[in-house]
Amino acid sequence: MKLLKKIEGDIMEQKYFDYKEIIAELIYSGVECQLDKDEIYKLLEYPPDENLGDLAFPCFKLSKVFKKAPIAIAKDMEGKIPSSSYIKRVVATGPYLNFWFAPEQLVENVLQQVLSSGERFGAQNIGDGRNIVIDFSAPNIAKPFHVGHLSSTVIGNSLYKIFEFLGFNCVGINHLGDWGTQFGKLITAYKKWGSRETVEKGLIQELMRLYVKFHEEAEKDPGLEDEAREWFNKIENGNQEALELWKWFKEISLEEFQRVYEVLEINFDSLAGESFYNDKIEAVVQELKAKNLLQESEGALIVNLDQYEMPPCLILKKDGSSLYATRDIAAALYRKKTYNFAQCLYVTGIAQSLHFQQWFKVIELMGYEWSKELVHIPFGWVNLEGEKLSTRKGKVVLLEDLLRETVKRTLEIIKEKNPGLEEKEEIAKEVGVGAVVFGALSVNRIKDVTFSWSEALNFDGETGPYIQYTHARACSILRKAGFKPDSSFDPHQLCNKEAIRLVKTIYLFPEKVVTAMKEYEPSIISRYLIVLAQEFNAFYHECQVLVNDEALQKARLVLVYAVKTILATGLRLLGIKAPERM
RNA sequence: GCGUCUGUAGCUCAGGGGAUAGAGCAACGGACUUCUAAUCCGUAGGUCGUAGGUUCGAUUCCUACCAGACGCGCCA
């Protein structure tokens, strides 16, 4: 919470041109209303209809102060607002006091800022170099990388870029699921139904086959589960055969994951997975013991959380081996020590909410104030057209297959629509992959999604390719005009409806980036980009940019440049490429 | 049983105490000799799950209920 307060404070000092700030000042200085500037600032809202004005001050709250009807108050205030070069007019409409921005000022200020900041437009130093650890992706070794892993991977990657853009120093950690009973299961299955040759040949597909086979057989013979636990126990105790198999399976998986990360162009600062904390478990158990937090229960060691209305947090199984909460606690202690994070984010499925609540509480009970800096960033489930994904049953869509299909489809479209395009394969990759990533980031994290091939391969409407296409069109205009960013242009040339609307939307970008950070919600940016692209396309159809009128063309080019720049920045924050042609 | 999340147009989703609830897809009708038609314009489509409550005002907040998804000791 400390961090959030700090962030709030910084936002008030943002360097971006801020109409709310200006209007709050005008109201504050013109009307004696017992509200301070900050309170006025927070009441200001964007009207639902552009014909009503650009910013509105609702007067309901003042009716208690003045003991008058809000409509009368608005009317009263109308004449008391000092004039300003930024504001064209102030009109009371019902209980609202509506403000119109002076268009030339707006255009001039906003576009000059984009011209001078370029792709840094929207960037701020809110973080002041503080560290943010982001734990994301974290696929399980020996299981295929499927569409269910997409959310964590792309949400985490986008948050990384958003926080970085706002001045934080990010540490991306791929907390690989490279430890735990599933390795016992895999070794059991390997010993019974696999061989060195079949694994060498089939790689992850073979590991997956063995994993599925294990669960089929375990249905009939529950004794297999015990065998699997035994093997995992051997791994934890350093049995050589078990460790070698573990290492081998891990290498096979990592190679597979790396291929996907390369396609997505995602990098991590650390690959310290669960196994990395193996030698740090004992110290955690000792510390919990020393702090009197451990209890024995049914042979296992737990932290009782009854008084917090939560089930107990399991620390050690009755056979003495660790559980994922144990490893998460060890990892958090290590990360605090190593990175001294301002926040540590965990991007995982909503199903794990209770788990995080539990061990966050354990950290708090250990006396660490920074438990407040641990944040679970949950997201909803991915279903498979009516069915649930299940690695155990082999019911999955591999991410690699999905990406290959969308790239293939993109290439077909390019060949059909733009046969002369150079480097078709490279661009098809950027667009096809972008479609998948945008699809995953365009709705609220928390929603469950149903994966559907027809939707994944549809590139019309609110999609990644739509944004990229809009960007490519803007680039095309700038290229044809030989445009170079240059701050001399006449804002009066941009006073038509489509242009003004675009400038207002551009003006909102820095605010949207901050909201996306505060809510840990990349979809704020994807939704914004859709609106920006829609408005640009309307402008594109309505207003010819390359015209004989030099002043008009120059001004419109600046606007096109600004849109193009923000589309590119926004896509970058989502982890999506912005090709200049497609 | 207890708990969490979700419920808005046929479908997928925005919005989130305040002015007439918005997009996209699908459907239908238009716009390519013109800066890339992966585009644009138009038509149609809604008791914001139900019932109460708080409020000057609720689709938004609270409570209960209904529906779906998920979670609740040795998996992660």
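FYI, side chains are in, hydrogens and waters are out, and symmetry mates aren't considered; it's all heavy atoms of this structure. Source: prediction; values computed, not measured. Each chain gets a letter, A, B and so on, in the order its sequence line appears, and its residues count up from 1.
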(message) Could you tell me if A:Lys361 sits above the aromatic ring of A:Tyr308, with its cationic atom closer than 6.0 Å to the ring centre and no more than 45 degrees from the axis?
(response)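 Yes, a cation-pi geometry.
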
(request) Answer yes or no on whether A:Lys61 is positioned over the face of A:Phe57, meaning its NZ or CZ is under 6.0 Å from the six-membered ring centre and within 45° of the axis. (result)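 Ring-cation test returns no.
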
(request) Rounded to the nearest angstrom, tell me the gap between atom CZ in A:Phe438 and atom C1' in B:C13. (result)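 Result: 12 Å.
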
(request) Can you tell me the distance, in whole Å, between the CD atom of A:Glu309 and the C1' atom of B:G1? (result)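 For the pair A:Glu309 CD and B:G1 C1', the rounded distance is 15 Å.
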
Reckon [X] touches a base, only the sugar-phosphate, or nothing at all at heavy-atom distances under 4.0 Å?
X: A:Ile530; answer: nothing
X: A:Gln534; answer: sugar-phosphate
X: A:Met582; answer: base
X: A:Tyr469; answer: base
X: A:Val531; answer: nothing
X: A:Lys61; answer: base

(message) Which is more 5' along RNA chain B, the nucleotide nearest A:Pro465 or the one nearest A:Glu462? Just name the residue.
(response)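 Its nearest nucleotide lies further toward 5', so the answer is A:Glu462.
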
(message) By nearest heavy atom, map A:Ile446 and A:Asn537 onto RNA chain B; which one lands nearer the 5' end?
(response)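 Final value for this comparison: A:Ile446.
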
Using atom names, set out every protein N or O paired with an N or O of nucleotides 14-16 of chain B below 3.5 Å, distance rounded to 0.1 Å.
| unit_1 | atom_1 | unit_2 | atom_2 | d |
| --- | --- | --- | --- | --- |
| B:A14 | OP1 | A:Asn444 | N | 2.6 |
| B:A14 | OP1 | A:Asn444 | ND2 | 3.2 |
| B:A14 | OP2 | A:Lys447 | NZ | 3.1 |
| B:G15 | OP2 | A:Asn444 | ND2 | 3.4 |

(message) Does anything in residues 540-550 of chain A form a side chain to side chain donor-acceptor pair (under 3.5 Å)? List the pairs, not counting sequence neighbours.
(response)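 For residues 540-550 of chain A: none.
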
At a cut-off of 3.5 Å, list every protein nitrogen or oxygen paired with a nitrogen or oxygen from nucleotides 19-21 of chain B, distance to 0.1 Å.
| unit_1 | atom_1 | unit_2 | atom_2 | d |
| --- | --- | --- | --- | --- |
| B:A19 | N6 | A:Asn98 | OD1 | 3.3 |
| B:A19 | N1 | A:Asn98 | OD1 | 3.3 |
| B:A19 | N1 | A:Asn98 | ND2 | 3.2 |

(request) Could you verify whether a donor N or O on one side chain and an acceptor N or O on the other, from A:Thr188 and A:Glu227, lie under 3.5 Å apart? (result)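 No donor-acceptor contact under 3.5 Å links the two side chains.
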
Before accepting this row, confirm whether a basic side-chain N of the pair [X]/[Y] lies closer than 4.0 Å to the acidic partner's carboxylate O.
X: A:Lys504; Y: A:Asp54; value: yes
X: A:Arg409; Y: A:Glu412; value: yes
X: A:Glu498; Y: A:Arg501; value: no

(message) What does the B/S/- profile of nucleotides 27-35 of chain B look like, 5' to 3', with a 4.0 Å heavy-atom cutoff to protein?
(response) --------B

(request) Mind telling me if B:G24 is syn or anti? Syn here is a glycosidic angle within 90° of 0. (result)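 It is anti.
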
(request) Mind telling me if B:C66 is syn or anti? Syn here is a glycosidic angle within 90° of 0. (result)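 B:C66: anti glycosidic orientation.
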
So do the side chains of [X] and [Y] get within less than 4.5 Å of each other, counting heavy atoms only?
X: A:Thr181; Y: A:Lys317; result: yes
X: A:Phe136; Y: A:Ile155; result: no
X: A:Phe483; Y: A:Val560; result: no
X: A:Ser158; Y: A:Leu574; result: yes
X: A:Ile71; Y: A:Pro95; result: yes
X: A:Leu44; Y: A:Ile27; result: yes

(request) Under the side-chain hydrogen bond (donor to acceptor under 3.5 Å, both in side chains) rule, what do A:Asn458 and A:Thr463 come out as? Steps first, then yes or no, please. (result) CA-CA 8 Å; A:Asn458 170 37; A:Thr463 64; over 6 Å; no

In whole Å, measure the gap between the [atom1] atoms of [N] and [M] for me.
N: B:A9; M: B:A23; atom1: C1'; value: 11 Å
N: B:U6; M: B:G49; atom1: P; value: 13 Å
N: B:G52; M: B:U20; atom1: P; value: 23 Å
N: B:G29; M: B:U34; atom1: P; value: 25 Å
N: B:U12; M: B:A26; atom1: P; value: 15 Å

(request) Would you sort out whether A:Tyr469 and A:Phe459 count as a ring pair (Phe, Tyr, Trp, His ring centres under 6.0 Å), showing the intermediate values? (result) CA-CA 10 Å; A:Tyr469 177 71; A:Phe459 299 162; over 10 Å; no

(request) Assess the pair A:Phe451 and A:Trp453: is the distance between their ring centroids shorter than 6.0 Å? (result)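 Yes - the distance between ring centres of A:Phe451 and A:Trp453 falls below the 6.0 Å cut-off.
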
(request) Examine A:Tyr346 together with A:Phe356 and report whether their ring centres are nearer than 6.0 Å. (result)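 Yes, ring centres under 6.0 Å apart.
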
(message) As a test of your reading of the structure, name each stem of RNA chain B as range with range, where a stem is three or more consecutive Watson-Crick or G-U pairs at under 3.5 Å.
(response)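 Stem list for RNA chain B: B:1-7 with B:66-72, B:10-13 with B:22-25, B:27-31 with B:39-43, B:49-53 with B:61-65.
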
(request) Looking only at side-chain atoms of A:Glu455, point me to the closest of B:U36, B:A37, B:U12. (result)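 Of the options given, the side chain of A:Glu455 lies nearest B:U12.
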
Output a table of nitrogen or oxygen pairs between the protein and nucleotides 72-76 of chain B separated by less than 3.5 Å.
| unit_1 | atom_1 | unit_2 | atom_2 | d |
| --- | --- | --- | --- | --- |
| B:C74 | O2 | A:Lys318 | N | 2.7 |
| B:C74 | N4 | A:Glu298 | O | 2.4 |
| B:C75 | OP1 | A:Arg229 | NH1 | 2.8 |
| B:C75 | OP2 | A:Thr181 | OG1 | 3.3 |
| B:C75 | OP2 | A:Lys317 | NZ | 3.0 |
| B:A76 | OP1 | A:Arg327 | NH2 | 2.7 |
| B:A76 | OP2 | A:Tyr324 | N | 3.4 |
| B:A76 | O3' | A:Glu274 | OE1 | 3.2 |
| B:A76 | O3' | A:Glu274 | OE2 | 2.4 |
| B:A76 | N7 | A:Tyr324 | OH | 3.3 |
| B:A76 | N6 | A:Tyr324 | OH | 2.5 |
| B:A76 | N1 | A:Tyr324 | OH | 3.3 |

